[in-house]
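Beneath this line is the structure, given in structure tokens, with notes to follow.
All values derive from a computational prediction rather than experimental measurement.
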Amino acid sequence: MNRREFLYYSAALLLGQMAGGQKLAEAAYYEPMIYKRFFQFTEYEERPGTEFLVIHHTGFPNEDKDSTAAAIHKFHQQERKWAGIGYHYLIRKNGMIEQGRRPEAVGAHASHYNKKSVGICLAGNFEIGKPTEAQMDAVKELCRWLCRKYDLDARQKGVIVGHRDLNDTLCPGKHLYKRLQEIRRFCADV
Ligand SMILES: [Zn+2]
């Protein structure tokens, strides 16, 4: 670097700092658009920690269909007799991210693993169909933000897992399961 380049470089660096360059660089981590829902829960327990993210599909039998967080909340509360929707986030087929259970609460989505994990569910049955690209984009953005929020390293084994890695289930379906590595790479590659 010659003297003139050095001066340009120094000025650019200074201007960058003055303009909040640091903040701009971090913008990619900001919370994605999440549609807040205000469901009533019958009980509430705060999660003692967050060590990993668990990916699910709704897995409606024999049909790859869209679902709303409201419908799942009603089903989990009335049929399963749970406190309310078990997932923290539901991602619709159009890519809309809906808030399910409160982010700080213990979820009900992976037996024995709920106290230290966040449950993210994509609407569909991915043993039959494939996740939409809008859903893939949304789950990547959401996971990247959650990794930042909870200080998780997506490259570490066991940080972003499929439900089938933990319990005896096909969830999140073979067509989503095979794309989990893509999500991990997206989260780590920033
Ligand atoms: Zn599941």
Can you name the residues that form a side chain to side chain donor-acceptor pair (under 3.5 Å) with [X], not counting sequence neighbours?
X      : value
Asp153 : Arg155
Arg184 : Gln181
Thr50  : Arg47

Item to complete: Apply salt bridge (charged side-chain N to carboxylate O under 4.0 Å, His left out) to Glu141 and Arg144, showing your working.
Response: CA-CA 5 Å; Glu141 293 287 346; Arg144 182 165 66 176; 3.3 Å; yes
What's in the same ILVMFWY side-chain cluster as [X], cut-off under 4.5 Å, chained through other members?
X     : answer
Met33 : Tyr35, Met96
Phe75 : none
Phe52 : Val54, Tyr113, Val161, Leu166

Practice prompt. Any pair with a residue in residues 168-178 that passes side-chain hydrogen bond (donor to acceptor under 3.5 Å, both in side chains), sequence neighbours left out, goes on the list, sorted by first then second residue, please.
Written response: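 Only Asp165-Tyr177 qualify under side-chain hydrogen bond (donor to acceptor under 3.5 Å, both in side chains).
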Discussion item. Applying a strict under-4.5 Å side-chain criterion to I, L, V, M, F, W and Y, I'd like to know whether Leu176 and Tyr87 cluster together.
Written reply: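 No, Leu176 and Tyr87 fall in different hydrophobic clusters.
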Sequence neighbours excluded and cut-off under 3.5 Å, please list the side-chain donor-acceptor pairs for residues 38-46, or say none.
residue: Tyr44; atom: OH; partner: Glu104; partner atom: OE2; Å: 3.2
residue: Glu45; atom: OE2; partner: Lys115; partner atom: NZ; Å: 3.2

Practice prompt. Quick one: pull up CG in Leu146 and CG in Leu152 and give me the separation to the nearest 0.5 Å.
Written response: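 It is 8.0 Å, given to the nearest 0.5 Å.
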Worksheet item: Roughly how far apart are Leu142 CG and Glu31 CD, rounded to 0.5 Å?
Response: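 CD of Glu31 is found 9.0 Å from CG of Leu142.
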Item to complete: Would you mind listing every salt bridge (charged side-chain N to carboxylate O under 4.0 Å, His left out) that reaches into residues 74-86, with sequence neighbours excluded?
Response: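 Passing the test, one end in residues 74-86: no pairs.
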Worksheet item: What salt bridge (charged side-chain N to carboxylate O under 4.0 Å, His left out) pairs are there with at least one residue in residues 120-137, not counting sequence neighbours?
Response: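 As it turns out, the salt bridge (charged side-chain N to carboxylate O under 4.0 Å, His left out) pairs with a partner in residues 120-137, which skip direct neighbours, are Glu127-Arg164, Glu133-Arg179.
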Discussion item. With a sphere of 6.0 Å drawn around NZ of Lys116, does it hold more than 12 non-hydrogen atoms of other residues, nucleotides or ligands?
Written reply: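 Result for NZ/Lys116: open.
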Worksheet item: ring pair (Phe, Tyr, Trp, His ring centres under 6.0 Å) with His163: which residues, sequence neighbours excluded?
Response: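 His56.
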Fill in: salt bridge (charged side-chain N to carboxylate O under 4.0 Å, His left out) against Lys65, all qualifying residues, sequence neighbours excluded
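Lys65: no salt bridge (charged side-chain N to carboxylate O under 4.0 Å, His left out) contacts found.
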Discussion item. Side chain to side chain contact (heavy atoms under 4.5 Å, CB included) for Ile160 and Phe186? Distances and angles first, verdict last.
Written reply: CA-CA 12 Å; Ile160 297 179; Phe186 181 86; over 6 Å; no
